[in-house]
> 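To start, I am sharing the structure in question, which I have written as structure tokens.
Below, chain A is the first sequence line, B the second, and so on; all start at residue 1.
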There are 2 protein chains.
Amino acid sequence: MDHRSPCPISSFLDLWGDKWSLIVIRDLMVGKTRYKDLADGPETVPDSILANRLKKLAEWGVVDKVRYHDRPPRYAYVLTEKGESLRPVLLAMSDWSQTNLPSRWSTPDWFKEARPAPRFAPEEE
Amino acid sequence: MDHRSPCPISSFLDLWGDKWSLIVIRDLMVGKTRYKDLADGPETVPDSILANRLKKLAEWGVVDKVRYHDRPPRYAYVLTEKGESLRPVLLAMSDWSQTNLPSRWSTPDWFKEARPAPRFAPEEE
DNA sequence: CTACTAACTTTCAATACGAAAGTTAGTGAG
DNA sequence: CTCACTAACTTTCGTATTGAAAGTTAGTAG
């Protein structure tokens, strides 16, 4: 990933400035872990976008992809620390929308704090 | 503007989820007011995008366009309250980049607090 | 007139998006 | 041991957005 300038804001937007990446992060933050669950949010991410974004998120080190069941093959996507640290950004966005846009959902209290990452068997320390 | 869902995060991204809109907001927050100055940032917004975004920002009520000089015609773009209230979001983004990306500029202290909007003569209360 | 500047606007090739269909690996029913 | 079904992708392809460059409009200055 190359950046347009050393500005931290523009660099943030180089990574996250699109309509879907942070939606996927949000869903991981509310506890979703599987591809299917991520695909079925209130906004219905296109499949082609979801697969692409999950790949990017893994490359950038903000999610771990864990094969937690072999037969049938099943995968879990879990936020890393780096991914979890995006929460304040999402909360700031949420606040802005709630005070500036009419009738948005209000942020549930449990979303406001980092939750322990779901644990999956393979190769965890 | 229509929203994908009532989620405040996805609604925020419906408005701001692109690579340039918040760059323009950032530049207005550092005190730039004129088209030319906005066009000459460290990232060089394409003209076609800048004009388009300024139009949207005015429509959405986050900037005021003020003709502050008649001959020659000169315009100033100034953030409204609604626009100014995006500052916490930009600061959260900035924080994330500074702790997670190498060698980004650090946020100047004066950027961290809302500054009085520049005053221009025409039709202000 | 001619040159020059601010503030746009238009053009157009390239990239990104997104709906839909197809693929792969596996389970379970008959 | 074929048929139907599900999770997790991948591919295709028409549409929308992007961005580099050139053009436009209104005005000043020589």
> Each nucleotide in nucleotides 16-21 of chain C should get exactly one letter: B, S or -. Can you fill that in based on protein heavy atoms under 4.0 Å?
-SBB-B
> Quick one: list whatever passes ring-ring contact (aromatic ring centres under 6.0 Å, His included) with B:Trp105, sequence neighbours left out.
none
> Between A:Thr107 and A:Leu91, which heavy-atom pair has the shortest distance, and what is it?
CG2-CD2, 4.0 Å
> Would you please name every residue forming a side-chain hydrogen bond (donor to acceptor under 3.5 Å, both in side chains) with A:Asp27, sequence neighbours left out?
none
> From CG of B:Leu50 over to P of D:dA20, roughly how many Å is that when rounded to an integer?
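These atoms are roughly 13 Å apart.
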> Specify the separation, in whole Å, of atom CG of B:Leu38 and atom P of C:dA6.
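Whole-Å distance recorded here is 13 Å.
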> Any protein N or O atoms within reach of nucleotides 27-30 of chain D? Criterion: under 3.5 Å, listing atom names and distances.
from: D:dG27; atom 1: OP1; to: B:Arg71; atom 2: NH2; distance (Å): 3.3

> For A:Pro42 and A:Arg26, which heavy atoms make the closest approach, and how far apart are they?
CD-NH2, 4.0 Å
> Give a yes/no answer on whether the side chain of A:Tyr75 brings an N or O atom under 4.0 Å of OP1 or OP2 in C:dG26.
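Answer is no, no contact under 4.0 Å.
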> Report the residues that fulfil salt bridge (Lys or Arg N to Asp or Glu O under 4.0 Å) with A:Arg34, sequence neighbours left out, ordered by chain and then residue number.
none
> May I ask you to verify if any side-chain N or O of A:Tyr77 is less than 4.0 angstrom from the OP1 or OP2 atom of D:dC9?
yes
> Return yes if some donor-acceptor pair links the side-chain N/O of A:Arg71 with the main-chain N/O of A:His69 below 3.5 Å, else return no.
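Between the backbone of A:His69 and the side chain of A:Arg71 there is no qualifying donor-acceptor contact (under 3.5 Å).
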> Expected output is a numbered-order residue list: members of residues 5-12 of chain A with a heavy atom under 4.0 Å from any atom of DNA chain D. What is it?
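Output list: empty, so none.
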> If you look at every heavy atom in B:Cys7 and A:Arg104, which pair is closest and at what distance?
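In this case the closest contact between B:Cys7 and A:Arg104 is O-CD, 4.5 Å.
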> Run the salt bridge (Lys or Arg N to Asp or Glu O under 4.0 Å) test against A:Glu84 and tell me which residues pass, sequence neighbours left out.
A:Arg87
> Please report, rounded to the nearest Å, how far the C1' atom of D:dA8 is from the NZ atom of A:Lys65.
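To the nearest whole Å, that distance equals 8 Å.
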> Residues two or more places apart in sequence or in another chain: which of them pass salt bridge (Lys or Arg N to Asp or Glu O under 4.0 Å) with B:Asp95?
none
> A:Leu57 CG to D:dA8 P: how many Å, rounded?
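Interatomic distance, CG of A:Leu57 to P of D:dA8: 16 Å.
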> For residues 48-63 of chain A, tabulate all N or O donor-acceptor pairs below 3.5 Å that involve a side-chain atom, not counting sequence neighbours.
from: A:Arg53; atom 1: NE; to: A:Asp18; atom 2: OD2; distance (Å): 3.3
from: A:Arg53; atom 1: NE; to: A:Ser21; atom 2: OG; distance (Å): 3.2
from: A:Arg53; atom 1: NH2; to: A:Asp18; atom 2: OD2; distance (Å): 3.2

> Atom CG of A:Asp14 to atom P of D:dT18: distance rounded to whole Å?
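Atom-to-atom, A:Asp14 to D:dT18, this comes out as 14 Å.
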> The criterion is salt bridge (Lys or Arg N to Asp or Glu O under 4.0 Å); which residues satisfy it with B:Asp37, sequence neighbours excluded?
none
> Which residues pass the side-chain hydrogen bond (donor to acceptor under 3.5 Å, both in side chains) test with B:Ser10, not counting sequence neighbours?
A:Glu43, B:Ser5
> Do side-chain atoms of B:Trp96 reach the backbone of A:Lys82 as a donor and acceptor pair under 3.5 angstrom?
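Side chain of B:Trp96 to backbone of A:Lys82, a donor-acceptor pair under 3.5 Å: yes, one is there.
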> Output the residues of residues 28-37 of chain A in contact with DNA chain D, where contact means a heavy atom of the residue under 4.0 Å from an atom of the strand; sort by number or write none.
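A:Arg34, A:Tyr35, A:Lys36 - these, ordered by number, are the residues of the stretch whose heavy atoms sit under 4.0 Å from the strand.
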